[in-house]
There are 2 protein chains.
Amino acid sequence: MNNPLIQDLIDRYVNVSFQVHKKAESLIKAELGNDLTNDQHYVLSYIRKASGCTSTELADAFDVNKSAITAIISRMADRGLIERTRDVNDRRVVYLTLTGAGEELFRACQEKVHQLVESIITKFDETEITTFINTYEKLAQILDNKKKDELGE
Amino acid sequence: MNNPLIQDLIDRYVNVSFQVHKKAESLIKAELGNDLTNDQHYVLSYIRKASGCTSTELADAFDVNKSAITAIISRMADRGLIERTRDVNDRRVVYLTLTGAGEELFRACQEKVHQLVESIITKFDETEITTFINTYEKLAQILDNKKKDELGE
DNA sequence: TGATATTAGTTTAATCATTGAACTATTCAC
DNA sequence: GTGAATAGTTCAATGATTAAACTAATATCA
């Protein structure tokens, strides 16, 4: 297609998503300091919500190789933030949970991240931000389907 | 603040931005294949628009240490994608430009990325996507100011 | 003018993230 | 009960990142 309007939207989207992504990561990283990398923060966040999840599930959610997850989990397990427990019935499976220390560190980091996000989104009026997040969530859904389509083919 | 509505928006935003970011990176990565990493694609894209820019400028735009840029540029210069030219008047400064090969590779990759983005944004109606991008751009601006504020303090 | 600051960029050592391939151990299927 | 599939790990290689020390060039200003 050669609709110039669409081309312009694509350009703007590619540009802005790249910029926001870089800057947001950087601001979050500043909040996390030396306690957690951004990836580790994501992983803690995921396990906290889905306590007892598996590496395979994480690899799916994060769209990475299972060995990448093994590496991240190992680093955090070494620091006593995450615990691995083998399933008694299917001994191939390993369940992931936060330790007390993991929970505590996550809460402290999440507090900072929420304050950061709050300081940002309160610069929008409520309708604007709600509309934005709605579309954003729709986009997440579309990307998810896109992924599944590709695997299905 | 304890406004539960805001808290909900923050939760939704943190979640969705994380998801979209992961999935989008992954889809773009699939398009780029073994030709370029996502970061390298960003760098080519930047230099193409700002031909003759410096490492310092890139480090600013990408919010990373200058040595990170040196490393990325070096890898791509080794592959003949980017050229470094010293300023004649201020011999500390190095200007970055794409080589012919860099230009060509970028165009091929950009073509694929644009097709991907087009297949996604055409699932929204035009008003929706325009509104979304407008807010997104406003967000980019706010993040940028936030960054400058922090440096200023 | 000349000593000192600053600036642009690189190098180095260390760490984290990622992949693909080979591997272990377990369970499933027939 | 043998062969295929599954969950997870290990290993080797590569890329990205940082902080600190460094080189080389330019700016400052006494």
Side-chain angles (χ1 to χ4, degrees), chain A residues 18 21-23 25-30 32-44 46-47 52-79 81-97, chain B residues 18 21-23 25-30 32-44 46-47 52-79 81-97:
Chain A
F18 157 59
H21 158 194
K22 281 284 175 193
K23 287 184 213 300
E25 287 253 294
S26 161
L27 285 168
I28 291 175
K29 185 177 188 177
L32 298 176
N34 290 322
D35 292 331
L36 290 174
T37 66
N38 288 23
D39 285 319
Q40 289 171 357
H41 177 244
Y42 291 153
V43 168
L44 281 194
Y46 189 97
I47 297 179
C53 68
T54 64
S55 290
T56 302
E57 190 182 333
L58 263 176
D60 259 19
F62 284 65
D63 252 324
V64 291
N65 199 306
K66 280 192 295 185
S67 33
I69 298 296
T70 296
I72 294 182
I73 298 293
S74 294
R75 262 173 241 121
M76 288 199 283
D78 288 348
R79 289 176 58 199
L81 302 174
I82 290 178
E83 200 163 29
R84 292 191 241 225
T85 321
R86 283 227 172 257
D87 184 321
V88 190
N89 299 316
D90 185 343
R91 297 189 42 70
R92 290 171 300 182
V93 177
V94 173
Y95 297 123
L96 303 171
T97 48
Chain B
F18 157 60
H21 158 195
K22 282 283 174 194
K23 287 184 213 303
E25 287 252 293
S26 162
L27 285 167
I28 290 175
K29 186 177 186 175
L32 298 176
N34 290 323
D35 291 332
L36 291 174
T37 65
N38 288 22
D39 285 321
Q40 288 171 359
H41 177 244
Y42 291 153
V43 168
L44 281 195
Y46 189 96
I47 297 179
C53 68
T54 63
S55 292
T56 303
E57 191 182 332
L58 263 177
D60 259 19
F62 285 64
D63 253 326
V64 292
N65 199 305
K66 281 191 294 185
S67 32
I69 297 297
T70 296
I72 294 182
I73 297 293
S74 294
R75 262 174 241 121
M76 288 198 286
D78 288 348
R79 289 176 56 199
L81 302 175
I82 290 178
E83 199 163 31
R84 292 191 243 224
T85 321
R86 285 228 170 255
D87 184 321
V88 189
N89 298 317
D90 185 342
R91 297 190 40 72
R92 290 170 302 182
V93 177
V94 173
Y95 297 124
L96 304 171
T97 49

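Order of the sequence lines sets the chain letters (A, B, ...), proteins ahead of strands, with each chain counted from 1.
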Mind checking side chain to side chain donor-acceptor pair (under 3.5 Å) for [X] and listing every partner two or more places apart, or none if nothing turns up?
X      : answer
N65(A) : S67(A)
E57(B) : Y46(B)
R84(B) : S74(B)

Scan for salt bridge (Lys or Arg N to Asp or Glu O under 4.0 Å) pairs involving residues 32-43 of chain A, sequence neighbours excluded, and state none if there are none.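 Qualifying pairs, neighbours excluded: D39(A)-K22(B).
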What is the separation between atom [atom1] on [X] and atom [atom2] on [N], rounded to the nearest whole Å?
X      : N       : atom1 : atom2 : value
K66(B) : dT6(C)  : NZ    : C1'   : 11 Å
I73(A) : dA7(D)  : CD1   : C1'   : 14 Å
D60(B) : dA8(C)  : CG    : P     : 10 Å
R86(B) : dG9(C)  : CZ    : P     : 8 Å
M76(B) : dT14(D) : CE    : C1'   : 15 Å
I72(B) : dG9(C)  : CD1   : P     : 15 Å
K29(B) : dG15(D) : NZ    : C1'   : 10 Å

Remember a base hit wins even if backbone is also touched, and classify [X] as base, sugar-phosphate or nothing at under 4.0 Å, heavy atoms.
X      : value
I69(B) : nothing
R84(A) : sugar-phosphate
S74(B) : nothing

What's the separation between atom CG in L58(B) and atom CD1 in I47(B), rounded to the nearest 0.5 Å?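 It is 5.0 Å, given to the nearest 0.5 Å.
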Between OG of S55(B) and CD1 of I73(B), what distance do you get to the nearest 0.5 Å?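 The distance works out to 5.5 Å.
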Looking at residues at least two apart in the chain, or sitting in another chain, which of them share a side-chain contact (heavy atoms from CB on, under 4.5 Å) with [X]?
X      : value
E25(A) : H21(A), N38(A), Y42(A), H21(B)
D90(A) : D87(A), R92(A), V93(A)
A59(B) : K66(B), I69(B)

Listed in order of residue number, which residues of residues 33-42 of chain A have a non-hydrogen atom at under 4.0 Å from DNA chain D?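 By residue number: none to list.
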Partner nucleotide of dA5(C) by Watson-Crick or wobble geometry (both distances under 3.5 Å):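 Partner of dA5(C): none found under 3.5 Å.
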When both hydrogen-bonding distances must be under 3.5 Å and the geometry is Watson-Crick or G-U wobble, what is dC30(C) paired with, if anything?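 With both distances under 3.5 Å, dC30(C) matches dG1(D).
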Taking the nucleotide of DNA chain C with the closest heavy atom to each, which residue, T56(B) or D63(A), is nearer the 5' end?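 Looking at the nearest nucleotide for each, T56(B) comes out on the 5' side.
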Could you run through nucleotides 20-30 of chain C and give me one letter per nucleotide, 5' to 3': B if any protein heavy atom sits under 4.0 Å from the base, S if only the sugar-phosphate is that close, - if neither? B----BBS---
Does any non-hydrogen side-chain atom of M76(B) lie less than 4.5 Å from one of T37(B)?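 No, their side chains stay 4.5 Å or more apart.
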How would you label the glycosidic angle of dA5(C): syn (within 90° of 0) or anti?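 Syn.
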Check this one for me: any side-chain N or O of T70(A) less than 4.0 Å away from OP1 or OP2 of dT9(D)?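 Yes, such a contact exists.
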